[in-house]
Amino acid sequence: GNSVTQMEGPVTLSEEAFLTINCTYTATGYPSLFWYVQYPGEGLQLLLKATKADDKGSNKGFEATYRKETTSFHLEKGSVQVSDSAVYFCALSPSGPNQKVTFGTGTKLQVIP
Amino acid sequence: DAGVTQSPTHLIKTRGQQVTLRCSPKSGHDTVSWYQQALGQGPQFIFQYYEEEERQRGNFPDRFSGHQFPNYSSELNVNALLLGDSALYLCASSLRFETTYEQYFGPGTRLTVT
């Protein structure tokens, strides 16, 4: 079956540090890949997505590139802010309409001033 | 444009009771999926509805059931509650034939079973 593996947290960084959260996946075919963010006490918000190999998703300074050869979709940001503190989930959806989304276990990010 | 809404926000039940959670999808969306998120875990897929029928189901017992109404809103019912059912229940909506399959999540219902 499909699965998503992401680095365990928590990740603690100082403000303006560089962020990388690793994510690898197992799936047949060409799934769509997503990063979702969950702020304390809230639901999930889509951060970025990529739907085919070599696509780069980006939003709010975050980026992730769909690497088919390494089955990875690592999340990066050049300079984190305190407001980026949240839990980040990597996820995939198989190709085709209305396939269920498989999530990783989440990585908690804490940014300190 | 209203996003996905869920009610209630919080709920406390005792073991053995039954609960109903509600979800209204984002305007224009016709598909609703339900997820269970245990504390410290990623969301787990429960089931998905479109055209008022359950179309896909995850690895959850029959105690979990649902319904979709003609206006695309949905309910999640859980019978014979167990302590392990305590979790955040998330509803997500999408458009059936949207090729990138982007889901929009509601804020969730926090269920506590005592």
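FYI, side chains are in, hydrogens and waters are out, and symmetry mates aren't considered; it's all heavy atoms of this structure. Here is how names work: the chains are called A, B, and so on, in the same order as the sequence lines, proteins then strands, and each is numbered from 1.
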Can you tell me which portion of Q6(A) sits under 4.5 Å from chain B's heavy atoms? Options are side chain, backbone, both or neither.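 Neither part.
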Counting only heavy atoms not in [X], do more than 12 sit closer than 6.0 Å to its [atom1] atom?
X	atom1	result
Q44(B)	CD	no
K13(B)	NZ	yes
L39(B)	CG	no

Decide whether Y66(A) and F34(A) are clustered together by the hydrophobic rule: side chain heavy atoms of Ile, Leu, Val, Met, Phe, Trp, Tyr closer than 4.5 Å, transitively.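 No: no chain of side-chain contacts under 4.5 Å links Y66(A) to F34(A).
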Of all heavy-atom pairs between K100(A) and F45(B), which one has the smallest distance, and what is that distance?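 Looking at all heavy atoms of both residues, the shortest contact is CD-CD2, 3.4 Å.
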Nearest heavy-atom pair of L44(A) and Q37(B): which atoms, and what distance?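 Between these two residues, the closest heavy atoms are CD1-OE1, 4.1 Å.
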Go through the structure and list residues passing side chain to side chain contact (heavy atoms under 4.5 Å, CB included) with T24(A), not counting sequence neighbours.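 Partners of T24(A) under the side chain to side chain contact (heavy atoms under 4.5 Å, CB included) test: T5(A), S72(A), H74(A).
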If you define the side chain from C-beta out and look only at heavy atoms, does anything of P43(B) sit under 4.5 Å from Y36(A)?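 The answer is no, as the side chains (C-beta and beyond) never meet within the 4.5 Å cut-off.
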Hey, does Y35(B) have a side-chain heavy atom less than 4.5 Å from the side chain of V101(A)?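 Counting from C-beta outward, V101(A) and Y35(B) do come under 4.5 Å.
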